[in-house]
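Structure record follows, encoded as structure tokens.
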There are 2 protein chains.
Amino acid sequence: MATSGRYCICEHCDFRDVVFANLSEDDIQELCNHKEEHSYRKGEIIIHQGEKISYFKYLKSGLVKVYRKTSDDDEQIITITKPFEFVSSMAIFEAEKYNFSVSALEDTVVCVVNLDYIKSLLINNGRFAIGLLTKIAGINDKIIRQCLDIRQRNLTGRVAYVLLYFAKEIYSSHLFDLPVSRKEIADYIGMSTANVIRTLSDFRNDGIIKVFGKTIEITDIGRLELLSSRG
Amino acid sequence: MATSGRYCICEHCDFRDVVFANLSEDDIQELCNHKEEHSYRKGEIIIHQGEKISYFKYLKSGLVKVYRKTSDDDEQIITITKPFEFVSSMAIFEAEKYNFSVSALEDTVVCVVNLDYIKSLLINNGRFAIGLLTKIAGINDKIIRQCLDIRQRNLTGRVAYVLLYFAKEIYSSHLFDLPVSRKEIADYIGMSTANVIRTLSDFRNDGIIKVFGKTIEITDIGRLELLSSRG
DNA sequence: ACAGGAATATGATAAATATCACTTATAAAA
DNA sequence: TTTTATAAGTGATATTTATCATATTCCTGT
């Protein structure tokens with residue numbers, strides 16, 4: 001990994017409102033002592049599937065893909081997620097080892113806190129526990145919803161769904177650079193690469209999107225939404 | 001719902017070891033005061049999608065399907081689950097309303113605890129909080145894994161997967177009565193009813209299973225496992 | 001600037017899956 | 001029991017998606 005540091009600015013971190021709202025100033029200071037920040041360049045692997053879980057990790061900035069190896073050694077993308085949505089998922093309190101990998105789609109900073117320290121916080125601070133439970137609940141519900149949403153749709157609907165996901169959830173813009181290859185989109189929606197490419201071409205030919213390499217501009221979001229809900 | 005009662009036997013309930021292990025005898029007695037048991041007959045709906053969440057519910061006995069309505073008014077089955085796997089899912093601390101329905105596949109008993117009481121337990125008992133977090137984490141990871149497992153497979157692999165799921169996870173037997181119709185299996189694995197039936201016929205013709213109406217006997221589990229891992 | 005490799009793109013064809021039509025079995029209701 | 005509805009089963013056909021072959025473009029390292 002590129003850099004790592006220990007200087008603490010957690011008091012002013014946006015993340016504080018997300019799950020650390022119920023911690024006192026002292027707790028936050030203490031948290032800082034148990035925390036490190038790691039920076040990853042685009043493409044670097046943050047978590048390796050099978051690795052032992054001993055830290056609570058969350059995304060401070062950047063963008064990552066969460067994926068797993070399938071039996072036939074292919075990659076299946078579980079979700080693509082942005083800051084303040086946990087990386088650690090919930091497996092941390094259940095499993096011994098990660099059953100997924102995480103890699104950086106853009107330059108990314110990850111906060112790493114000793115897991116035992118988080119556990120001691122949970123034991124001593126019920127409100128913090130509820131906050132964390134709630135947050136993790138939301139994240140997992142979202143992953144499940146996404147997975148079901150995708151499964152429900154056909155090829156066209158799936159590609160439309162993913163484009164809308166990037167436009168709305170990730171970039172909040174109709175114009176964005178795809179952070180993934182066509183093959184990765186295919187791994188995400190469970191379709192072949194060729195058909196993903198073909199579908200994007202269809203959308204382009206139909207005047208729904210403009211494509212300049214990795215750059216996508218959605219020009220007819222109404223029709224894209226229709227395709228996403230229909231298919 | 002058929003019957004409901006209030007007599008408390010929580011001290012001796014198997015569920016106590018699952019999430020209530022960290023509660024004192026007093027807590028358990030208090031829990032009983034905030035708890036009711038509801039019985040549902042096969043086919044009855046336990047939770048309606050869209051209903052307000054104000055109770056923590058879990059399955060004491062029986063079998064349920066968790067499902068949601070899709071946009072085109074079809075049913076999509078999220079999971080089929082047995083006792084000691086929560087019904088409430090994690091949405092309880094996040095959402096206002098259930099975004100799924102639950103119905104009984106077999107006669108089922110559900111324990112219902114006031115949500116505010118659970119929250120007060122969480123606040124005052126960190127170990128209980130961790131226990132619950134861990135349990136919910138495991139359940140949700142399982143749902144996600146299942147969803148991804150299914151998406152990864154083709155028709156044959158999916159049907160094989162579901163049969164193995166019933167045999168291993170639900171009934172722990174190679175001989176069991178299917179608790180669902182062929183159509184429900186289709187809704188579960190995202191394939192057409194006709195193709196589910198056809199695949200079951202194929203398995204029967206290949207000597208992998210025996211079929212007597214709803215009763216299934218797996219006669220060649222090795223081959224079924226192979227089909228599940230291959231497809 | 002160039003070479004080489006990977007990603008993108010597109011057509012043709014094969015394979016998988018859905019749909020439709022219809023029959024038979026099963027179970028609930030009169 | 002008969003009636004009726006619903007689920008199960010099967011074949012034929014249409015549709016969707018995957019695979020394969022082959023260009024073309026884009027990027028990376030030299």
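Just so we're clear, the structure is a prediction, and the values are computed from it rather than from any experiment. Each chain gets a letter, A, B and so on, in the order its sequence line appears, and its residues count up from 1.
Listed pair K214(B) / dA8(D) meets the phosphate criterion, a side-chain N or O lying under 4.0 Å from OP1 or OP2. Between R182(A) and the phosphate of dT8(C), there is a side-chain N or O to OP1/OP2 separation shorter than 4.0 Å. A sub-4.0 Å separation between OP1 or OP2 of dT10(C) and a side-chain N or O of S201(A) is present. Within the 4.0 Å cut-off from OP1 or OP2 of dT10(D), at least one side-chain nitrogen or oxygen of R204(B) is found.
Judged by closest nucleotide on DNA chain D, R198(A) is the one of R198(A) and G213(A) placed further toward the 5' end.
Which of dT17(D), dT10(C), dT17(C) sits closest to the side chain of M191(A) comes down to dT17(D). Side-chain atoms of S181(B) lie closest to dA7(D) of the nucleotides dT19(C), dA7(D), dA7(C). Distances were taken from every side-chain heavy atom of N195(B) (C-beta onward) to each of dT17(C), dA7(D), dG9(D); the shortest belongs to dT17(C).
For the pair D202(A) CG and dG11(C) C1', the interatomic distance rounds to 13 Å; values are reported in whole Å. Following rounding to the nearest Å, I185(A) (CD1) and dA9(C) (C1') show an atom-to-atom distance of 14 Å. Rounded to an integer number of Å, the gap from D187(A) CG to dA18(D) C1' is 14 Å.
Counting non-hydrogen atoms under 4.0 angstrom, L155(B) reaches the backbone sugars and phosphates but no base.
Ring pair F176(A)/F166(A) is tilted by interplanar angle, where 30° to 60° counts as tilted.
The side-chain heavy atoms of E85(B) and K135(B), taken from C-beta on, include a pair separated by under 4.5 Å. The side-chain heavy atoms of V110(A) and Y40(A), taken from C-beta on, include a pair separated by under 4.5 Å.
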